[in-house]
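Right, one structure below, let's go through it.
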Amino acid sequence: MESKDLIHGNENGTLDFGNNELTVKAKVPEYEFRGDIYKVKTFCEITKLERNGMFVYESVPGTCVKEFLTGEDGLSFVVDGKEDAQITLELEDDTEYRIFIDGANAGRMKTNLSGKLTISVELGSKPVDVRIAK
């Protein structure tokens with residue numbers, strides 16, 4: 001399997017990663033994109049993304065993520081998978097964020113002291129648009 005199948009940078013600055021179809025673990029230990037080094041580990045049970053050695057994204061079970069984009073005010077991505085997923089994201093410590101799932105306001109959540117935020121996303125029938133905003 002080629003690394004572009006597991007992680008791919010897009011011209012618009014977004015990142016695509018993950019493959020929940022795999023039955024064995026696969027990884028790309030170093031993928032450079034826009035000055036950062038990414039590492040992805042993925043298969044049907046889990047998908048993890050690190051940037052410059054720091055945690056960014058994890059889903060259980062594994063997912064396919066498209067158009068992943070981080071910014072000062074939060075992040076956004078489109079996620080797809082065979083079943084509902086629990087997604088943990090690294091954001092700013094002790095900060096409140098608004099969660100939007102397919103454009104609908106899903107409420108507010110506050111990160112813990114380590115900056116982690118965990119959401120559940122219903123998957124299976126179609127890809128889901130997720131936006132996390134300050």
Side-chain angles (χ1 to χ4, degrees):
M1 171 166 288
E2 295 181 47
S3 64
K4 70 178 177 144
D5 295 332
L6 299 181
I7 187 166
H8 173 75
N10 301 306
E11 287 184 23
N12 65 359
T14 64
L15 200 61
D16 299 345
F17 63 91
N19 185 337
N20 63 313
E21 301 287 325
L22 299 174
T23 56
V24 294
K25 294 177 187 177
K27 69 179 178 179
V28 176
E30 287 190 12
Y31 179 82
E32 186 188 352
F33 181 63
R34 299 209 166 182
D36 293 310
I37 302 296
Y38 289 88
K39 175 181 181 179
V40 66
K41 293 188 230 180
T42 188
F43 78 124
C44 60
E45 293 180 18
I46 192 168
T47 296
K48 291 179 85 170
L49 180 71
E50 295 178 2
R51 178 178 50 235
N52 301 325
M54 302 294 289
F55 175 86
V56 175
Y57 174 102
E58 178 180 281
S59 71
V60 177
T63 53
C64 292
V65 179
K66 305 285 186 206
E67 301 174 21
F68 188 85
L69 182 64
T70 59
E72 297 248 340
D73 294 330
L75 56 84
S76 63
F77 56 93
V78 176
V79 61
D80 198 6
K82 293 180 182 179
E83 57 187 279
D84 297 353
Q86 180 173 309
I87 299 171
T88 303
L89 303 160
E90 180 72 29
L91 298 161
E92 287 185 35
D93 302 351
D94 197 30
T95 302
E96 186 174 90
Y97 289 89
R98 292 173 291 150
I99 316 299
F100 297 91
I101 308 291
D102 275 341
N105 188 341
R108 294 177 180 266
M109 292 182 74
K110 192 172 188 177
T111 57
N112 62 22
L113 294 177
S114 66
K116 295 212 175 13
L117 181 79
T118 301
I119 60 172
S120 294
V121 180
E122 294 180 16
L123 299 173
S125 60
K126 65 178 183 64
V128 174
D129 182 57
V130 176
R131 188 167 61 91
I132 314 291
K134 275 189 188 178

Please tell me if the side chains of [X] and [Y] come closer than 4.5 Å, counting only heavy atoms from C-beta onward.
{"X": "L49", "Y": "L15", "result": "yes"}
{"X": "E58", "Y": "I46", "result": "yes"}
{"X": "D94", "Y": "L113", "result": "yes"}
{"X": "Q86", "Y": "T118", "result": "yes"}
{"X": "L91", "Y": "Y97", "result": "yes"}

Cluster link [X] to [Y], ILVMFWY, side chain under 4.5 Å:
{"X": "I7", "Y": "V78", "value": "no"}
{"X": "V60", "Y": "I87", "value": "yes"}
{"X": "I119", "Y": "F100", "value": "no"}

Salt-bridged, K110 to E96, with N to O below 4.0 Å?
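Looking at K110 and E96, the cut-off is not met.
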Hey, are E30 and K39 close enough for a salt bridge, meaning a charged N less than 4.0 Å from a carboxylate O?
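The answer is no: the pair does not qualify as a salt bridge.
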Using a 3.5 Å distance criterion without hydrogens, assess whether the side chain of R98 forms a donor-acceptor pair with backbone atoms of K134.
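A pair under 3.5 Å: yes.
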Do any N or O atoms from the side chain of T111 and from the backbone of T95 form a donor-acceptor pair under 3.5 angstrom?
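Checking the backbone N and O of T95 against the side chain of T111, a donor-acceptor pair under 3.5 Å is found.
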Can you tell me how far the [atom1] atom of [X] sits from the [atom2] atom of [Y], to the nearest 0.5 Å?
{"X": "L22", "Y": "T47", "atom1": "CG", "atom2": "OG1", "answer": "8.5 Å"}
{"X": "R51", "Y": "D36", "atom1": "CZ", "atom2": "CG", "answer": "6.0 Å"}
{"X": "I99", "Y": "N105", "atom1": "CD1", "atom2": "CG", "answer": "9.0 Å"}
{"X": "D73", "Y": "R131", "atom1": "CG", "atom2": "CZ", "answer": "10.0 Å"}
{"X": "T63", "Y": "Y57", "atom1": "OG1", "atom2": "OH", "answer": "3.0 Å"}

Would you list the pairs meeting side chain to side chain donor-acceptor pair (under 3.5 Å) in which at least one residue belongs to residues 119-130, sequence neighbours left out?
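Every side chain to side chain donor-acceptor pair (under 3.5 Å) pair that includes a residue of residues 119-130, provided the two are not neighbours, is D102-K126.
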Show your reasoning for whether salt bridge (charged side-chain N to carboxylate O under 4.0 Å, His left out) applies to E21 and K82.
CA-CA 9 Å; E21 301 287 325; K82 293 180 182 179; 3.7 Å; yes
Minimum heavy-atom distance between [X] and [Y], given as atom pair plus value:
{"X": "F55", "Y": "E90", "result": "O-CB, 3.2 Å"}
{"X": "N10", "Y": "D16", "result": "ND2-OD1, 3.0 Å"}
{"X": "M109", "Y": "L117", "result": "CB-CD1, 3.4 Å"}
{"X": "T42", "Y": "N19", "result": "OG1-N, 2.9 Å"}
{"X": "D84", "Y": "P61", "result": "O-CD, 3.3 Å"}
{"X": "G62", "Y": "N20", "result": "O-CB, 3.2 Å"}

Out of Y38, F68, F77, which one pairs with F17 under the ring pair (Phe, Tyr, Trp, His ring centres under 6.0 Å) rule?
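With F17 as partner, Y38, F68, F77 yield a single ring pair (Phe, Tyr, Trp, His ring centres under 6.0 Å), made by F68.
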Around K116, counting heavy atoms of other residues, nucleotides and ligands shown, do more than 12 lie under 6.0 Å from its NZ?
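Count over threshold, so yes.
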